[in-house]
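Here's the structure, in structure tokens; my notes come after.
The sequence lines fix the lettering, A, B, ..., with proteins before strands; numbering per chain opens at 1.
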Amino acid sequence: MAVELRRKTRQNITAKNLTMIQAINDGMKTMLELDDTTLVLGEDVGKNGGVFRATEGLYEEFGEDRVVDTPLSESGIIGTSVGLAVNGFKPIAEIQFMGFIYPAYNQIMTHVSRIRMKTRGHFSVPMVIRAPYGAGIRAPEVHSDSTEALFTHMPGLKVVCPSSPYNAKGLLISAIEDPDPVLFLEPMRNYRATREEVPAQKYTVEIGKGRKLHEGEEVSIIAWGAMIPVAEEAREQAEQKGISCDLIDLQTLYPLDREMISESVKKTGRAVIVHEAQATGGLGETIVSTINDTSFLYLRAPIERVTGFDVPVPFFALEDYFLPTAKRVLKSIEKAFNF
Amino acid sequence: MAVELRRKTRQNITAKNLTMIQAINDGMKTMLELDDTTLVLGEDVGKNGGVFRATEGLYEEFGEDRVVDTPLSESGIIGTSVGLAVNGFKPIAEIQFMGFIYPAYNQIMTHVSRIRMKTRGHFSVPMVIRAPYGAGIRAPEVHSDSTEALFTHMPGLKVVCPSSPYNAKGLLISAIEDPDPVLFLEPMRNYRATREEVPAQKYTVEIGKGRKLHEGEEVSIIAWGAMIPVAEEAREQAEQKGISCDLIDLQTLYPLDREMISESVKKTGRAVIVHEAQATGGLGETIVSTINDTSFLYLRAPIERVTGFDVPVPFFALEDYFLPTAKRVLKSIEKAFNF
Amino acid sequence: MEANYPIKTIIDDQGDFIDDLYKDQIDEQLVENMYYHMYRIRTFDKKAISLQRQGRIGTYPPFGGQEAAQVGSALALGENDWIFPTYRDHGATLTYGADMTSMFLYWNGRVEGCIPPEGKNIFPAAVPIATQIPHAVGASWAEKRKGTDRIAVAYFGDGATSEGDFHEGLNFASVFKTPTVFFNQNNGYAISVPIEKQMNSETIAQKAVAYGMRSVRIDGNDCFAVYFETKKAVDLARAGKGPTLIEAVTWRTGAHTTADDPTKYRPADKGKDIVEPLSRLEQFMKKNGFWKEGKISEMQAQLKEEVDAAVDAMENYPEANVEDLFDHVFAELPEELVKQKETYLELLEEY
Amino acid sequence: MEANYPIKTIIDDQGDFIDDLYKDQIDEQLVENMYYHMYRIRTFDKKAISLQRQGRIGTYPPFGGQEAAQVGSALALGENDWIFPTYRDHGATLTYGADMTSMFLYWNGRVEGCIPPEGKNIFPAAVPIATQIPHAVGASWAEKRKGTDRIAVAYFGDGATSEGDFHEGLNFASVFKTPTVFFNQNNGYAISVPIEKQMNSETIAQKAVAYGMRSVRIDGNDCFAVYFETKKAVDLARAGKGPTLIEAVTWRTGAHTTADDPTKYRPADKGKDIVEPLSRLEQFMKKNGFWKEGKISEMQAQLKEEVDAAVDAMENYPEANVEDLFDHVFAELPEELVKQKETYLELLEEY
Ligand SMILES: Cc1ncc(C[n+]2csc(CCOP(=O)(O)OP(=O)(O)O)c2C)c(N)n1
Ligand SMILES: Cc1ncc(C[n+]2csc(CCOP(=O)(O)OP(=O)(O)O)c2C)c(N)n1
Ligand SMILES: [Mg+2]
Ligand SMILES: [Mg+2]
């Protein structure tokens, strides 16, 4: 009854002006209402509403049975989620910061990503692992990692990363509905950076597809998550200098929207990839290789990458030096353009 | 006294005809004799001599204090090794199979690779983590992983991978003497595949340098570890078809010998990279990106990669289909050559 | 501590009753069923070892010596419960209803061996040690959430208790009072590492204290002690009374796997005094009038036939199909994988 | 279980002796030293909170309420021992000899805060929970191997006991009988999660049973109970008698960090009856003739100066140097990193 009422209310409001963190909250709320098998679990997701308030209000609304504070135990969270998922539930597990996902790496690598393959789909583990990632908010060490590439090298797992309130809610709902496990990376820096109209209803944004934020002719800028505002700033500056750029927000990091990437590079002949993870082993290399495989003959310049350096994410006094800036991106755009 | 005697004996023999596993054993033995701070620890490394016999005889010779059977606990092995290394010892830790390193991923990622950086060298953790890797020996699931790329995306850690008895011993000794932590990946398939003259004395092979196994003109083949014999077979077949190839054994996977790669590609204009890990996120992409960055203008064809597919390493009935074969490599050599 | 966790035994090494509590319940049907399954899985185990020696399957980890632990526990489960085995627990899964051909296929490197018969909640054997323990917690938690009375049992060895996942799993179970049975087979060794080097605690049962969890230590070679104590734990779990840790003290009579040589690390006389569970049961049956020579040799012959037939089925099973490499990674194949697959299939055609 | 692990207390909430065992050893010097350090770290803590509020340092996790646990334990260590703290244990490390300016630098995002004074074996605060526990085991194992009598202490919270690394670390320590002291501060919460949701065991001390390890439960707000019980554990470790798990029951009076709002999850009246350790000590001193008004206010004034001076030093510290981003990742910079560094420095020049 209460649920019915709520659902009605939802449909009356068409859109709300939300921050990304609110949109994510709204995405979980929407699915907790619509799908009884969903549950939220993790450290401090209950009464506390999550350390970033992503689960704010959910405990009060859905009770401690659907919004579960767990012990401090990442492998336990993911390991029990495997059991829950195999047995009919859809866990939305929160890892408090991406830098704390490593204790669960074994579970994700050897089970979450392999169970469907191993049983030809007899068992599957649809679940969402949410994790805030990235530097730039003056957090203590390890809190600021951006290690998506450790998970895109793991067949059986999808990796998604929104950049705005609208695509955050839509992608999260897609992730929850996906028949396969999805790692959902949330750029902390974007949590409260902007607001956007977000439909109150359930809607989805397709996993596996990028979106073109801007159409241009000379250079393809490829980025995602927290680097989108940086890339956009550089793109505008480039435009002022007369260089017109395509700007692609990948949205899904695995599987990549190879078509959008290759179409764009075939058009422009030049690519600048922006990510905050370390260069070596980073997803930028996957994109470079994709371009090599699909659009080699169209390239007019070496592919540029603007990334974090090959050092551990530094303590925050130096994090601004580690992170790509619009200046560095612009420089690479110009370098590619003038090659 | 006993040690003295042994050492003398060693110097009398100049070289032995050893398999790779024997050479690795000999490398540990050499260093256990010469350096009191070294110790070997891991699961079944003691009386049992390791499941592959890599530590055969060491327990008997050096005692249970230097060759330590640990509980079944990878995070415990690496975590205590951090403490040992910080406090003056040089642990040579064995992870029984690379597929079982993931429980220790957190320790390696957040501590082993970061302690020097965090304390500006006040503390450091020189240690060697040995792990057999790769498919092709009909082992049960997870035993056959080849996930080097998860570790090359981790600044602060070196990653080494020998392919022959001689470079195995030399690289292992370099790793043990290195002031920084080294992941030492041992291709199981090569353990007993060939024999080679291996000096009985201590000698080193430099970390960070590849070796040219063959000089050629038309195509650069880049491989390492278990893929070296496969690449060599393909190279010979290509030669018979009139395509002369450079063959590079990388030996060190981080930091890469970028110079050797770029020099070779500048010469040949074509590259074929061979590795058994999955394509997406694999080290091949790092090499593609290195070539893009250093030798773009010299490229006459898209870079070819011959790799495992983007699927989990299959159960062994299908592993031969997963692994790159000389045929697949040859095909790519021809494709690059005929582009 | 050991004194706090006495080993519960019902019939002793000579097959004599030493605890009459369950005497009434040990009827012909139960005894025969027990013997049937123990003999059956022993036959399977021996055959698997010999197939491996002949190169007809891959490396194989025998469970010889642990038949009472595996059969006794599996028979104590209900039809719709969940079972999370390791690589050494095919005896338990076979008893619970796993398909024998599948078990042989599994050890021949075929994923088909991971797929249980429809309706049987048997999870694929966990190879990474202890990882299945939280899975069992999650699956049984799911049952609790659904309001059923189904439970889950996790099988694991003595060595497994050293892994973090053992700890995290038991902690979750105790906090969420999940209907889980943690069935430990303490066979004295983790490959070459004896239990004294694996842990400083005298028993595994006492590890439950850390979780405020019920635990019990039993003679794992006494199929009746295993059966009744597992049943008790299962019943408590079903009734919402929470999880139990069971330590079944047993002995691996053979090698860790067919690739292992226990003479390297196990003193020759160690374990010599242990009466292996089938002969203990046989003695019991003979002493208590359950041994019907004719019926039994007929059963044995029939089981040998079953095993031979399963081997035949395994060896005549359709060859592994290369498409399977790709087809089951995701519910729907991503484009890039479609491309990899097509290119590869074309290449294979060419050869 | 709780009954098996009574909380050891020496002076009660009113500052009265309830256990006279150590009465003789509680002399003026010890009492003053205790007060000195507890007041000192409290002053540091308060300053850090206020600096954070003013945006002069980053997020900060206060240890208010845990001063007795941190000072009492740190004072029980020997000069050359090892200490492996968490992010909340700056009180302990300051007492043990960490540099105060460094501590402020640490919370201002500077790695310089991780470098201990020469000769002081203080490991950088562990941020990933429980990861430092095996480090302490390894470092103390190294001392044992060297044949010294040095020991290592690992600090960790109640929440940390849920992680696998807690379990694996204690297991290693018990198996190798390392001279390690596991000093747990049970402050009732892991961020918002109360201990009842963290574990089903009534005490943390009982978790030692799983490792056949000695353990003790103490009143963590009683600096003397902490001091003497830690000393006992340290002495046993030094003497080769193996590790101890200490559960110091205490209370975090403030927020988890300056970014946290405990009113969201902590009932307003919870913990109200707990007498925080400094006022308990003050009462004790007053009742037992240790309170010398003049001397104390002088000490307090001097400590405030020390803290202010450390803040000054922190704020006047040379700015973080971008080269440091690159220079300490390896003993010798790999070529590729040299290139990244040079290119970046050139770029910065341009701006
Ligand atoms: C995480 C992990 N580490 C190491 C191994 C290698 N390994 C396979 S079985 C085994 C010993 C297991 O001992 P125990 O838990 O006692 O079970 P048992 O084999 O005796 O049945 C080891 C170390 C593994 N499978 N997984
Ligand atoms: C592996 C890991 N997971 C999660 C976190 C986030 N986190 C920081 S402190 C904390 C709670 C720790 O509680 P406890 O161990 O009781 O120590 P306390 O903070 O109370 O001193 C959590 C969950 C972390 N730092 N590391
Ligand atoms: Mg065992
Ligand atoms: Mg706490």
Side-chain angles (χ1 to χ4, degrees), chain C residues 1-5 128-131 133-134 137 141 156 158-178 180 182 184 186 190 193-215 217 241-245 247, chain D residues 1-5 128-131 133-134 137 141 156 158-178 180 182 184 186 190 193-215 217 241-245 247:
Chain C
M1 260 302 149
E2 227 172 324
N4 292 345
Y5 296 94
I129 301 291
T131 50
I133 297 175
V137 177
W141 193 8
F156 54 99
D158 40 295
T161 67
S162 296
E163 290 279 8
D165 271 0
F166 163 79
H167 175 69
E168 301 192 22
L170 267 72
N171 190 46
F172 266 66
S174 72
V175 166
F176 296 110
K177 301 224 177 331
T178 59
T180 327
F182 299 100
N184 174 263
N186 175 359
V193 179
I195 189 155
E196 316 86 65
K197 287 191 168 190
Q198 190 69 241
M199 63 193 76
N200 189 48
S201 62
E202 290 171 89
T203 71
I204 285 169
Q206 78 198 61
K207 299 192 185 204
V209 172
Y211 316 101
M213 189 187 290
R214 178 175 178 272
S215 71
R217 191 164 199 236
K241 302 274 170 60
T244 299
L245 170 61
E247 175 185 0
Chain D
M1 257 303 149
E2 229 172 322
N4 292 345
Y5 296 94
I129 300 293
T131 50
I133 297 175
V137 177
W141 192 8
F156 55 99
D158 40 295
T161 68
S162 296
E163 289 280 8
D165 271 0
F166 162 80
H167 175 69
E168 300 192 21
L170 268 73
N171 190 47
F172 266 67
S174 72
V175 166
F176 296 110
K177 299 222 181 330
T178 59
T180 326
F182 299 100
N184 174 262
N186 175 358
V193 179
I195 189 156
E196 316 85 65
K197 286 189 167 191
Q198 190 68 241
M199 63 194 74
N200 190 48
S201 62
E202 289 171 87
T203 71
I204 284 169
Q206 78 198 60
K207 299 191 184 204
V209 172
Y211 316 102
M213 189 186 292
R214 178 177 178 272
S215 71
R217 191 165 199 235
K241 302 272 169 61
T244 299
L245 169 62
E247 175 185 1

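In terms of modelled atom types and a separation under 3.5 Å, the side chain of C:N171 and the main chain of D:S162 share no donor-acceptor contact.
Here the shortest heavy-atom pairing between D:A210 and C:A210 reads CB-CB, 4.3 Å. Taking all atoms of both residues into account, the shortest heavy-atom contact from D:H167 to C:E163 is CD2-O, 3.4 Å. Scanning all heavy atoms of the two residues, the minimum distance from D:N200 to C:V175 falls at N-CG2, 3.9 Å.
To the nearest 0.5 Å, the span separating CD on D:E168 from CG on C:D165 amounts to 8.5 Å.
Using a 4.5 Å cut-off between heavy atoms, C:F172 does not touch chain D at all. If you measure heavy-atom distances from D:F166 to chain C, the contacts under 4.5 Å come from the side chain alone. Only the backbone of C:T161 comes within less than 4.5 Å of a heavy atom in chain D; its side chain stays farther off. Of the atoms belonging to C:Q206, heavy atoms from both backbone and side chain fall under 4.5 Å from chain D.
Residues passing the ring pair (Phe, Tyr, Trp, His ring centres under 6.0 Å) test with C:F182: none are found, sequence neighbours excluded. Residues that satisfy the ring pair (Phe, Tyr, Trp, His ring centres under 6.0 Å) test with C:Y5, not counting sequence neighbours, are absent from this structure.
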